[in-house]
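The structure appears right after this line, and notes come after that.
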Amino acid sequence: MEPQKELMLMLKTLIEEKLDLPISLEELSADGEVYAELGAGYTEKKYRNGPALIVCPVMFLTIGADEPACIDRLGKITNYLKRTPARAMPKGSTYSWRGCTVAAEPNKIGRREDGQVLYSCIVNCKICF
C-alpha cells in the first residue's frame, strides 16, 4: 500500500471512530456526510540518502443548508487534528506521522447548481516516508 492511500484510510477510520462523523472517500453526496480528498502534495524536506518529509493537503467537504451544523462538523475535524499530538496518532506501516497544520479553517466555498451550499477546510498532513 502506498503511504498516501494509507494516510487517507487512517484519517477516515480515526475521524469516524473518535468524532462519530461519517467520512466518504468516494464522492460528496448526502447532507451530513463529510467527503475527504487528497490534494497536490509537495516535498518539504529531503533527507540525504533517506526519507523525505511530505506535506499532503487533505480537503474535507460537506454540503447542507444549515451553516452552523456544517461549520461544526468541519470544525470538529480541524480542532481534533490540531490538538492531537503526533505521538498520539495511529502508526502507519508505510509512513510516520509528523503532525499537521490547518491551511484553511472551515468556511463556505460556494453553491452547487441545485442551490446546496458547500463548506470546506484543508488540513496539511506531514508524513515521512
Side-chain angles (χ1 to χ4, degrees):
M1 180 181 315
E2 294 301 315
Q4 295 87 342
K5 178 181 177 182
E6 186 180 11
L7 171 69
M8 293 301 290
L9 293 174
M10 181 276 295
L11 287 171
K12 175 182 171 47
T13 302
L14 182 73
I15 293 166
E16 287 178 342
E17 289 176 0
K18 299 288 185 184
L19 304 176
D20 196 31
L21 287 172
I23 300 290
S24 171
L25 298 178
E26 294 171 10
E27 282 299 323
L28 179 61
S29 57
D31 188 17
E33 183 179 70
V34 176
Y35 165 66
E37 76 177 27
L38 189 62
Y42 57 92
T43 302
E44 186 171 275
K45 185 173 186 178
K46 175 74 173 128
Y47 299 99
R48 179 182 282 244
N49 298 327
L53 181 63
I54 309 296
V55 176
C56 297
V58 179
M59 180 168 59
F60 295 94
L61 289 165
T62 192
I63 190 169
D66 184 4
E67 182 170 350
C70 291
I71 295 296
D72 184 60
R73 276 194 291 275
L74 296 176
K76 284 181 182 179
I77 295 169
T78 57
N79 294 335
Y80 176 77
L81 292 174
K82 281 190 287 190
R83 288 190 302 247
T84 304
R87 66 184 177 281
M89 291 296 282
K91 304 285 187 253
S93 61
T94 59
Y95 70 90
S96 63
W97 178 267
R98 296 292 189 222
C100 68
T101 57
V102 175
E105 290 287 341
N107 65 92
K108 184 188 297 186
I109 59 168
R111 291 186 189 274
R112 295 194 325 186
E113 290 178 6
D114 62 1
Q116 292 277 12
V117 181
L118 291 164
Y119 301 87
S120 78
C121 64
I122 301 172
V123 177
N124 286 337
C125 302
K126 294 182 181 185
I127 59 174
C128 191
F129 65 90

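Start at 1 with the first residue, then count along the sequence. Only this structure's heavy atoms are used, side chains among them; waters, hydrogens and symmetry mates stay out.
- Taking SG of Cys100 as the start and OH of Tyr80 as the end, the distance is 10.5 Å to the nearest 0.5 Å.
- Residue pairs meeting the side chain to side chain donor-acceptor pair (under 3.5 Å) criterion with at least one partner in residues 13-25, sequence neighbours excluded, are Lys12-Glu16.
- Closest non-hydrogen pair, Leu38 versus Val58, comes out as CD1-CG2, 4.0 Å.
- Looking at every heavy atom in both residues, Arg98 comes nearest to Ala86 through C-CB, 4.2 Å.
- Atom CZ of Phe60 is separated from atom CD of Glu37 by 10.5 Å, given to the nearest 0.5 angstrom.
- The two residues Pro57 and Ala40 make their nearest non-hydrogen contact at CG-O, 3.5 Å.
- The hydrophobic clustering, which links ILVMFWY residues whose side-chain heavy atoms are closer than 4.5 Å, places Tyr42 and Met8 apart.
- Side-chain contact between Glu6 and Phe129 is absent, with no heavy-atom pair separated by less than 4.5 Å.
- Cluster annotation: Leu21 and Leu61 are assigned to distinct hydrophobic clusters (Ile/Leu/Val/Met/Phe/Trp/Tyr, side-chain heavy-atom contacts under 4.5 Å, transitive).
- Atom SG of Cys128 sits about 10.5 Å away from atom CD of Glu44, to the nearest 0.5 Å.
- Val55 and Leu53 end up in different hydrophobic clusters when Ile, Leu, Val, Met, Phe, Trp and Tyr side chains are linked at under 4.5 Å.
- Counting heavy atoms from C-beta on, the side chains of Lys82 and Glu105 come closer than 4.5 Å.
- Judged purely by atom type and a 3.5 angstrom limit, Asn79 uses its side chain to pair as donor or acceptor with the backbone of Gly75.
- For the atom pair CG of Asn124 and CD1 of Ile54, the computed distance is 12.5 Å after rounding to the nearest 0.5 Å.
- Between the CD1 atom in Ile71 and the NZ atom in Lys108 there is a gap of 8.5 Å [rounded to 0.5 Å].
- Atom NZ of Lys46 has more than 12 heavy atoms from other residues, nucleotides or ligands within 6.0 Å.
- Note that CD1 of Ile63 is 10.5 Å distant from CZ of Arg111, once rounded to the nearest 0.5 Å.
- Looking at Leu81 and Leu11, their side chains come closer than 4.5 Å, going by heavy atoms from C-beta outward.
- Two residues are said to be in side-chain contact when any heavy atoms from C-beta on lie closer than 4.5 Å; Ile127 and Cys56 meet this criterion.
- Counting heavy atoms from C-beta outward, Val117 and Glu67 have side chains that stay 4.5 Å or more apart.
- Residues Thr84 and Met89 form a side-chain contact, since some pair of their non-hydrogen atoms from C-beta on lies under 4.5 Å apart.
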Would you sort out whether Cys125 and Trp97 count as a side chain to side chain contact (heavy atoms under 4.5 Å, CB included), showing the intermediate values?
CA-CA 8 Å; Cys125 302; Trp97 178 267; 3.7 Å; yes
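- Put simply, the side chain of Pro51 does not reach to within 4.5 Å of the side chain of Tyr95, judged on heavy atoms.
- For the pair Leu25 and Leu9, the minimum side-chain heavy-atom distance is below 4.5 Å.
- Side-chain heavy atoms closer than 4.5 Å link hydrophobic residues (I, L, V, M, F, W, Y) into clusters, and following such links, even through other members, never connects Leu28 to Tyr119.
- Heavy atoms of other residues, nucleotides or ligands lying less than 6.0 angstrom from CG of Asp114 number more than 12.
- Put simply, Leu74 and Val123 are part of the same group of oily side chains (I, L, V, M, F, W, Y) that touch within less than 4.5 Å, one to the next.
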